[in-house]
Amino acid sequence: MVGSIEVMMPNVHSNGAISNNGLEEKLDEFRRVLGKSDDDLLKIVGVGAGAWGSVFAALLQDSYGRFRDKVQIRIWRRGGRSVDRATAEHLFEVINSREDVLRRLIRRCAYLKYVEARLGDRILYADEILKDGFCLNMVDTPLSPMKVVTNLQEAVWDADIVVNGLPSTETREVFEEIRNYWKERISPPIIISLSKGIEAALDPVPHIITPTQMISRATGVPKENILYLGGPNIASEIYNKEYANARICGAEKWRIPLAKFLRQPHFIVWDNSDLVTHEVMGGLKNVYAIGAGMVASLTNESATSKSVYFAHCTSEMIFITHLLTEEPEKLAGPLLADTYVTLLKGRNAWYGQMIAKGELSLDMGDSISGKGMIQGVSAVGAFYELLSQSSLSVLHPNEKKPVAPVELCPILKTLYKILIKREQDSRAILEALRDERLNDPRERIEIALSHAFYKPSLLGQP
């Protein structure tokens, strides 16, 4: 269990990174922060096995899994999810293209089942292949083998650190179940949420609910023990050791030691106090990434069109965050980079491209085989529903009359009409850019910076 002892962890290098032979010392320092005794395992569990959740657990396994007498790293995913024949065939090709993976499976006596699945003589399951290091949403990037648990109670009941890798649409339901397993805990765990997305609630007043808020309300875990981690990165590229960075946001008590514990030479983790802005931006970037994918496809990757879209969508993001927070973190540095990479290459941008090309249909839903949950779709609905409430009216800068905040967000409005109402096709996103009445994005940013439209009630604050 997590204790209440606070010990400051000394810097190893100026940037916090340490060499591989210092990993055990780094683990020992973090164990002391948690007040762990010598014979008490540090128990870390990932909840949810999408691409990022699986990679995050695999990174921890690669770094600390060798110290079995000091730390236990596991990941939970639901059992029973079968792997379709096409994916099994592709997985077999991936295995045979990687000599290291092939040898590992043969050594573990696990290769034959992939041969049988390739021939159609056997059905594989997602939890089964995850144990061998294959995430169903990212089979092209083999991970290290992991300890997989399909019983949620077994996974979380005594965990010191729980990593939420679930989509925002599933977070509340799963953590409400987890609450039942934590009733007899003496001290609460630390929870790191990787989830990006929001829900909208209209009672008693319109407000958003972020994943960390969902977790706190569902479990009763104190807010200071719940943190958000996000950054400008693509899961597969991080695991392939491309240089990346992220921020862990939340209370100082835990974010500083966690940043040092999670930091690796190729994955630098900084700490930041502004949880709200980072978490909201995490949801917003997925919204606008879908539109970015549409624009890229419809304009044959026109750099000019994409830059125009980028200017307008970032101004809307700045406007929306200033509705929610009086002094939000500026859309610059890592926050801007996170937005950029998501618009450039994330699964939501891919989804927008496929919709615009006609290779995917909205009728197929927002859970796509091989990609997982496209969280931007539900986020479009949530942000639109919230910002269209007349009770939140703001003064239109040109028309000088009260309007719902969404009226100052034409890109968001258009995405809602395309994805949720289905009143328009994807080409409407270009019309939104070409609308002669669209204000200079600078004007929207200036409005946001004036603080005139700050609505603390949107976060449930008085």
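A 4.5 Å side-chain heavy-atom check between Val221 and Ile215 finds every atom pair outside the cut-off. Side-chain contact between Leu258 and Leu229 is absent, with no heavy atoms from C-beta onward closer than 4.5 Å. Side-chain contact between Trp157 and Asn151: absent, with no pair of heavy atoms (C-beta onward) separated by less than 4.5 Å.
Atoms CZ and CG, from Phe261 and Leu60 in turn, are 6.0 Å apart once rounded to the nearest 0.5 Å. Annotation: the span from Ile320 atom CD1 to Leu284 atom CG amounts to 5.0 Å, rounded to 0.5 Å. Taken from NZ in Lys417 to CG in Leu415, the straight-line distance is 11.0 Å, to the nearest 0.5 Å. Taking CZ from Arg217 and CZ from Phe175, the interatomic distance works out to 15.5 Å, rounded to the nearest 0.5 Å.
Shown here are the side chain to side chain donor-acceptor pair (under 3.5 Å) partners of Ser305, two or more places apart in sequence or in another chain: Ser302. Remark: Ser195 pairs with no residue by the side chain to side chain donor-acceptor pair (under 3.5 Å) rule, at least two apart or across chains. Ser426 meets the side chain to side chain donor-acceptor pair (under 3.5 Å) test with no other residue; sequence neighbours excluded. Scored by the ring-ring contact (aromatic ring centres under 6.0 Å, His included) test, Phe310 finds no partners at all (sequence neighbours excluded). The side chain to side chain donor-acceptor pair (under 3.5 Å) test applied to Tyr181 returns Glu177, not counting sequence neighbours. For Phe56, the ring-ring contact (aromatic ring centres under 6.0 Å, His included) partners two or more places apart in sequence, or in a different chain, are Trp52. Residues passing the ring-ring contact (aromatic ring centres under 6.0 Å, His included) test with Phe134, sequence neighbours excluded: Tyr114.
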Could you walk me through whether Asn233 and Phe267 pass the side chain to side chain contact (heavy atoms under 4.5 Å, CB included) test, one step at a time?
CA-CA 10 Å; Asn233 44 61; Phe267 183 56; 4.2 Å; yes
Decide yes or no on side chain to side chain contact (heavy atoms under 4.5 Å, CB included) for Glu359 and Gln353, but give the supporting numbers first.
CA-CA 9 Å; Glu359 296 182 19; Gln353 288 182 319; over 6 Å; no
Could you go through residues 139-149 and list every donor-acceptor pair under 3.5 Å that involves a side-chain atom there, pairing it with any protein atom two or more places apart or in another chain?
{"from": "Asp140", "atom 1": "OD1", "to": "His90", "atom 2": "NE2", "distance (Å)": "2.5"}
{"from": "Ser144", "atom 1": "OG", "to": "Asp62", "atom 2": "OD1", "distance (Å)": "2.9"}

Table please: side-chain donor-acceptor pairs of residues 367-386 below 3.5 Å, with sequence neighbours left out.
{"from": "Gln375", "atom 1": "OE1", "to": "Ser168", "atom 2": "N", "distance (Å)": "2.9"}
{"from": "Gln375", "atom 1": "OE1", "to": "Ser168", "atom 2": "OG", "distance (Å)": "3.4"}
{"from": "Ser378", "atom 1": "OG", "to": "Gln375", "atom 2": "O", "distance (Å)": "3.2"}

With a cut-off of 3.5 Å and sequence neighbours excluded, list every side-chain donor-acceptor pair involving residues 75-86.
{"from": "Trp76", "atom 1": "NE1", "to": "Thr150", "atom 2": "O", "distance (Å)": "3.2"}
{"from": "Arg78", "atom 1": "NH1", "to": "Glu170", "atom 2": "OE1", "distance (Å)": "3.1"}
{"from": "Asp84", "atom 1": "OD1", "to": "Ala86", "atom 2": "N", "distance (Å)": "3.2"}
{"from": "Asp84", "atom 1": "OD1", "to": "Thr87", "atom 2": "N", "distance (Å)": "2.7"}
{"from": "Asp84", "atom 1": "OD1", "to": "Thr87", "atom 2": "OG1", "distance (Å)": "2.8"}
{"from": "Asp84", "atom 1": "OD2", "to": "Thr87", "atom 2": "OG1", "distance (Å)": "3.3"}
{"from": "Arg85", "atom 1": "NE", "to": "Glu89", "atom 2": "OE2", "distance (Å)": "3.2"}
{"from": "Arg85", "atom 1": "NE", "to": "Arg118", "atom 2": "O", "distance (Å)": "3.4"}
{"from": "Arg85", "atom 1": "NH2", "to": "Arg118", "atom 2": "O", "distance (Å)": "3.4"}

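For the pair Leu136 and Ala126, the tightest heavy-atom approach, listed with the atom from each and the gap, is CD2-CB, 4.0 Å. What you find for Met281 and Thr321 is that their closest heavy atoms are CE-CG2, 3.5 Å. Nearest heavy atom pair, residue Cys135 against residue Ser54, reads SG-OG, 3.7 Å. In this structure, Ser297 and Lys357 approach most closely via the heavy-atom pair OG-CG, 3.1 Å. In plain terms, the two heavy atoms of Gly250 and Leu275 that are nearest each other are CA-CD1, 4.0 Å. When all heavy atoms of Ala159 and Val162 are compared, the pair lying nearest together is CB-CG2, 3.8 Å.
If you run side chain to side chain contact (heavy atoms under 4.5 Å, CB included) between Thr171 and each of Ile209, Val47, Leu166, only Leu166 comes through. Of the options Glu431, Glu423, Glu407, a salt bridge (charged side-chain N to carboxylate O under 4.0 Å, His left out) to Lys413 is made by Glu407 and by none of the others.
Among residues at least two apart or in separate chains, salt bridge (charged side-chain N to carboxylate O under 4.0 Å, His left out) pairs with a member in residues 191-207 are Arg172-Glu199. Screening residues 278-293 for side chain to side chain donor-acceptor pair (under 3.5 Å), with sequence neighbours left out, gives Thr210-Glu279, Thr212-Glu279, Arg247-His278, Lys285-Asp338, Lys285-Thr342, Asn286-Asn348, Tyr288-Glu316.
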